[in-house]
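Predicted, not measured: the structure shown is a model, and the values here were computed from it.
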Amino acid sequence: MMKSFYKPTIFLNRLVIVKDQQVVYDQNFHKGMNVIYGKNAFGKSCIMDMIFYVLGGYLSETEWKKEIKECTAVYGEVLLNDEIFTLKRDIDHPPYGGAAMSICEGDLNQALSCGEMCWKRYNYKESKQKESFSNFLFKVLEIPEVKISELDSAITMNSLLRLMYVDQRTPYFEIFRNEVYDNDLKRKVISDLMLGVYDTDYYMLKNELKKLEVEHKEISDYLSNVLSVLNVTGNASDPLFFNQLINDKNKELNDKSNKLLSLKDQFYSDFAKKEGTGELKKIILDIEKINAEINDKTADLIKYNYERIDSNNFISSLKRKLSFLEDSEKTMEYVESVDVDICPVCFSEVQKNQSIDSCYLCKSPLDGKTRNINLNKLKRNLLMQIQESETLQTKRGIIIQDLSRELKVLKNKKDKLQKDLSLKNSTVFQNEIYFLNLNEEIGYLKRDIEDLEKQSALAESLKIKIEAKEELNEKTTKIKEKIESIHLRNEAKLNDSLRLITDNLKQLLLNDIGADKDLKKIKDIKINFEKNRLFIDERTNFAASTMGYIKNCFSIGLWEASVENSTFKLPRFMLLDNLEDKGIEDDRIYNIQDSINDFCEKSTVPCQIIISASVLNSKFINTNKVIGQYYYDEVLTGKTLNFKSKVYLSDIVNSEYN
C-alpha cells in the first residue's frame, strides 16, 4: 500500500520543449523509474539537461548543446508536495543558465490556456524588491531558506539539484555536480540541508560568533596599539587610580606653591646681598629657561604619542577597507577569466555585446571609460590615505626620537648648571637652595598633573574597551557552548543519515556483478561532502569504470535514503545521465537498472528517478518504464528533439494533440 508522500517531494509529470511555437519534445513521466532510451548522440542528455534546467538548474554557456540552442523555451509540469505547478524557462542566448522562471498554478494545459495573467515571473536571483524562483519553490516545498553571510552566493534550487543530477561533465570522483563558484562551506550547507540536519540556529550562531570575533579583534588591536605606545601596565585602565594621583599631586602643588610664595621675598633679599650675584642670576635664569623647555618638550612628547595611537588605529581601519576592496578585485579578475551568464555582483543578465563603457559582466552603463574605474579610484584613495598616514607616522616617530634626545640633552645641561650653581654659590643659605629646588619641583608637578589628566582620560577609554572585551569574551563563550551543543546533537543525526546512505551504497556494490572483486570486500565507506569525495576503504583510485559505477551507486543510495527517511530534505527525486559512462559493462548496467526498479516497486513512499540509457535490461523494453520510444535511427525514429514536428502549442491548448 502506497504511503502518503514525504515532504519535500518533486515529481516531473510532463516535459515540453518548444522552438518558437513548434513542439519539438512532449512526453509524460510517472512515479518510479523512468528511462530515456536511445543510442548515443541521439539527444538523451539534451532531455536530461532540460529537466535539470526547468527545475531551476544552472547551465553555463559551454554546457548548452547545439540542438538545445535552437529551441526557445522549456515547460515542466511538476507536482511539488501536493500541488501541481507548471514551470517555464526561456532558452535565451544569453543569459543561458541564469534565465528567469515563469510559474503558473495548475497543469500544463491549464497554464497554456489561462493566458499571461495566470503566470508569475521570478528572476534567478532574489532582490530587495522581489523574491527569486528559488525562494518561491523553497516555500512551496517547505525547504528552509539559508542565509549565511560567509557564502559567496545564496543556496538555490540549482544548489540542491547539484546532488540530484549526475551528469556526464562532472568528474567521476566528485559527489556534487561541478560548479565554478564552489567551496567547502557551500557543499557542507547543501549536504546538511539535503540530509535533514541543517539547523538554522547553528548557522545563525556561527554568523553571530564571526561578528563577535571581528569586534573582539578590533578592540584587541586598539588596546595593543595604546599599551604598546604608552608602555604602561597594571592600573593603566583604572581612571580612579589616576584621579587619586592627580588629587595627590594637586595637593602637593598647592603646598609647594604656598611655601614658594612665603620664601620668595626672603630669597631675593638674601640673594641681592651676595657677591657675584649677576653670574648667579644668569645661571638661575638659565635653569628656569631649561625647566620651561623641558616642560614644553615633555608636553609635545605626550601629544605626539597620543597622535600616534590614534593614527595607528586609523591606519588599521584603512587597511581593513583596502583588504575588502582587494578581495573584490580578485573576484573581478577571476570573473574576467570565466565565461559567466549572470553578474555575481548586481545579478543582471550578462549581454554579449560588450561595450567599453559598460560593466564587464552585466553591461550596465558606467560613468568612466574603464570597467574598474570606481574600484581603482577607491583603492587609490585608500592607498593614498594609508601612505600619507604612514608618512606622518614616520615623521612622528622621528619627532618623538628627536624630542626624547633633546630632553636628555636638556636634563644633562640642567644637571651641569645646577652643579655650577652649587660651586659658585657655596655660601648660599640653605633656604635659598630649598627655594630653587622648590621652584623646579613645582614645574615638574604641573607637567605631571597635565600628563596624569591625559592618562586618566585614556584610562577611561581603556576601561570601556576592556569591559567591552570582557563582555565579548562572555558572549563568545556562551555562543560557542550553544554551537557545540547543537553540533553534537546534529552530528548524531548526521551520522545516522550517513550510515543509511553507506548501507545502501554497500548493498548496491555487494550486488554488483562486475569484475572488481574488491567491491565485494568493502569494510569502510566514508562520505565527505565538504571535500566532495568518497573514500572506499581509504581508497579513491579505482579503475575509471568502477569509480563511475561507485558514483552512480552513491547517488542511488542517497536517493534511496531520502525515500526511507522522512527527515531528509532531498525531494525523493534523482537524475542519472552517466550510468554507462567510463565503459561500464552492459551486464552491470542491467543489474543496476534492475536494482533501481525493484526499489521503486517495493517502496511504499512515492519517489521518482529518471535515467538515460543506450542499453536497457530486456525486461523493461516495450514497457511504460521507457519514456517515449527507443531512439536509434535518424530516419525511422529521429532524435529526442523532433524539429520536423507538426505539433504546436496551440494544439495542446485546444487539446487536439493531447
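- Side-chain atoms of Asn158 and Thr156 form no donor-acceptor pair, as typed in the model, at a separation below 3.5 Å.
- Taking CD1 of Ile103 as the start and CZ of Arg121 as the end, the distance is 11.5 Å to the nearest 0.5 Å.
- A donor-acceptor pair under 3.5 Å links the side-chain atoms of Gln22 to the main chain of Ser645, judged by distance alone.
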| task | Report the C-alpha separation of Phe620 and Val35 in whole Å, then their side-chain angles, then the decisive distance to 0.1 Å, and conclude whether the side chain to side chain contact (heavy atoms under 4.5 Å, CB included) test is met. | result | CA-CA 9 Å; Phe620 304 128; Val35 183; 5.7 Å; no
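- Listed by chain and residue number, Phe136 satisfy the ring-ring contact (aromatic ring centres under 6.0 Å, His included) test with Phe85 (two or more places apart in sequence, or in another chain).
- Considering only heavy atoms from C-beta on, Arg14 comes within 4.5 Å of Asn28 through its side chain.
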| message | Pair Leu558, Phe568 - check side chain to side chain contact (heavy atoms under 4.5 Å, CB included), show working. | response | CA-CA 10 Å; Leu558 172 62; Phe568 273 57; 4.2 Å; yes
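- Residue Asp82 places its CG atom among more than 12 non-hydrogen atoms of other residues, nucleotides or ligands, all under 6.0 Å distant.
- Minimum interatomic distance between Tyr6 and Ser562 (heavy atoms only, all atoms of both residues): CD1-O, 4.0 Å.
- Residues Phe176 and Leu163 share a closest heavy-atom pair of CE2-CG, 3.5 Å.
- Crowding of Glu105 atom CD: a count of heavy atoms from other residues, nucleotides or ligands under 6.0 Å not exceeding 12.
- Residues Phe11 and Phe573 place their aromatic rings such that the two centres sit no closer than 6.0 Å.
- Looking at Glu83 and Lys139, no side-chain N of the basic residue comes within less than 4.0 Å of a carboxylate O on the acidic one, giving no salt bridge.
- Minimum heavy-atom separation, Arg588 to Ile584: CB-CG2, 3.9 Å.
- Of the possible donor and acceptor atoms, one in the side chain of Thr637 sits under 3.5 Å from a partner among the backbone N and O of Tyr632.
- Geometric assessment of Arg572 against the ring of Phe5 yields a negative cation-pi assignment under the 6.0 Å and 45° thresholds.
- Inspection of the Ser555 and Asn552 side chains reveals no N or O donor paired with an N or O acceptor under 3.5 Å.
- Separation of atoms CE (Met157) and CG (Leu55) is listed at 6.0 Å; rounding is to 0.5 Å.
- At a threshold of 4.5 Å between non-hydrogen side-chain atoms, the residues Ile501 and Phe554 count as touching.
- Taking CZ of Phe138 as the reference point, atom CD of Glu145 lies at 7.0 Å (rounded to 0.5 Å).
- With rounding to the nearest 0.5 Å, the separation of SG in Cys600 from CD in Gln608 is 9.5 Å.
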| request: Check step by step if side chain to side chain contact (heavy atoms under 4.5 Å, CB included) holds for Val16 and Leu112. | output: CA-CA 12 Å; Val16 173; Leu112 293 176; over 6 Å; no
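- In this structure, the ring of Tyr198 has its center less than 6.0 angstrom from the ring center of Tyr203.
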| task | Would you please test Asp20 and Tyr648 for side-chain hydrogen bond (donor to acceptor under 3.5 Å, both in side chains) and show each step? | result | CA-CA 9 Å; Asp20 298 321; Tyr648 295 87; over 6 Å; no
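- Side-chain contact between Asn578 and Asp167 is absent, with no heavy-atom pair separated by less than 4.5 Å.
- At least one donor-acceptor pair under 3.5 Å links the side chain of Thr86 to the backbone N or O of Gly106.
- Contact between Leu193 and Pro144 at its shortest, heavy atoms only, is CD1-CG, 3.6 Å.
- At least one donor-acceptor pair closer than 3.5 Å links the side chain of Gln110 to the backbone N or O of Asp107.
- Side-chain contact between Ile155 and Leu160 is present, with at least one heavy-atom pair separated by less than 4.5 Å.
- Checked by atom type and distance alone, the side chain of Lys44 pairs as donor or acceptor with a backbone atom of Lys39 at under 3.5 Å.
- Residues Met101 and Leu137 are in side-chain contact: their nearest non-hydrogen atoms beyond the backbone lie under 4.5 Å apart.
- A donor-acceptor pair is defined here as one N or O able to donate and one able to accept, closer than 3.5 Å; such a pair exists between the side chain of Arg89 and the backbone of Ala99.
- In this structure, the side chains of Met194 and Met164 come closer than 4.5 Å at one or more pairs of heavy atoms.
- Between the CD atom in Glu67 and the NZ atom in Lys19 there is a gap of 11.5 Å [rounded to 0.5 Å].
- In summary, Arg177 and Asp577 do not engage in a salt bridge, as defined by a charged side-chain N under 4.0 Å from a carboxylate O.
- At distances below 3.5 Å, not a single donor-acceptor pair connects side-chain atoms of Asn40 with backbone N or O atoms of Ser614.
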| Does the side chain to side chain contact (heavy atoms under 4.5 Å, CB included) test come out yes or no for Ile68 and Met50, once each step is laid out? | CA-CA 8 Å; Ile68 288 296; Met50 285 299 94; 3.5 Å; yes
Which donor-acceptor pairs under 3.5 Å do side chains of residues 502-510 form with protein atoms, sequence neighbours excluded?
from	atom 1	to	atom 2	distance (Å)
Thr502	OG1	Leu498	O	2.9
Thr502	OG1	Arg499	O	2.9
Asn504	ND2	Leu500	O	3.4
Asn504	ND2	Gly557	O	3.2
Asn504	ND2	Glu564	OE1	3.1
Lys506	NZ	Lys523	O	3.4
Gln507	NE2	Asn511	OD1	3.3

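- Taken from CD1 in Ile627 to OG in Ser612, the straight-line distance is 12.5 Å, to the nearest 0.5 Å.
- Looking at heavy atoms from C-beta onward, Leu59 lies out of side-chain contact with Lys65 at the 4.5 angstrom threshold.
- Between Ile550 and Leu534, the closest heavy-atom pair is CG2-CD1, 4.0 Å.
- Nearest heavy atom pair, residue Leu636 against residue Asp633, reads N-OD1, 2.9 Å.
- For Asn34 (side chain) and Gly32 (main-chain N/O), a donor-acceptor pair under 3.5 Å exists by modelled atom type.
- With hydrogens and angles ignored, the 3.5 Å screen pairs no side-chain donor or acceptor of Asn642 with any backbone N or O of Val24.
- Residues Tyr165 and Asp49 bring a donor and an acceptor atom of their side chains to less than 3.5 Å of each other.
- Side chain of Asn183 to backbone of Lys186: a donor-acceptor contact under 3.5 angstrom is found.
- No side-chain heavy atom of Asp90 sits less than 4.5 Å from a side-chain heavy atom of Thr72.
- If you run ring-ring contact (aromatic ring centres under 6.0 Å, His included) between Tyr53 and each of Trp64, Tyr75, Tyr58, only Trp64 comes through.
- Asp512 and Tyr549 are linked by a side-chain donor-acceptor pair at a separation below 3.5 angstrom, with hydrogens and angles left out of the test.
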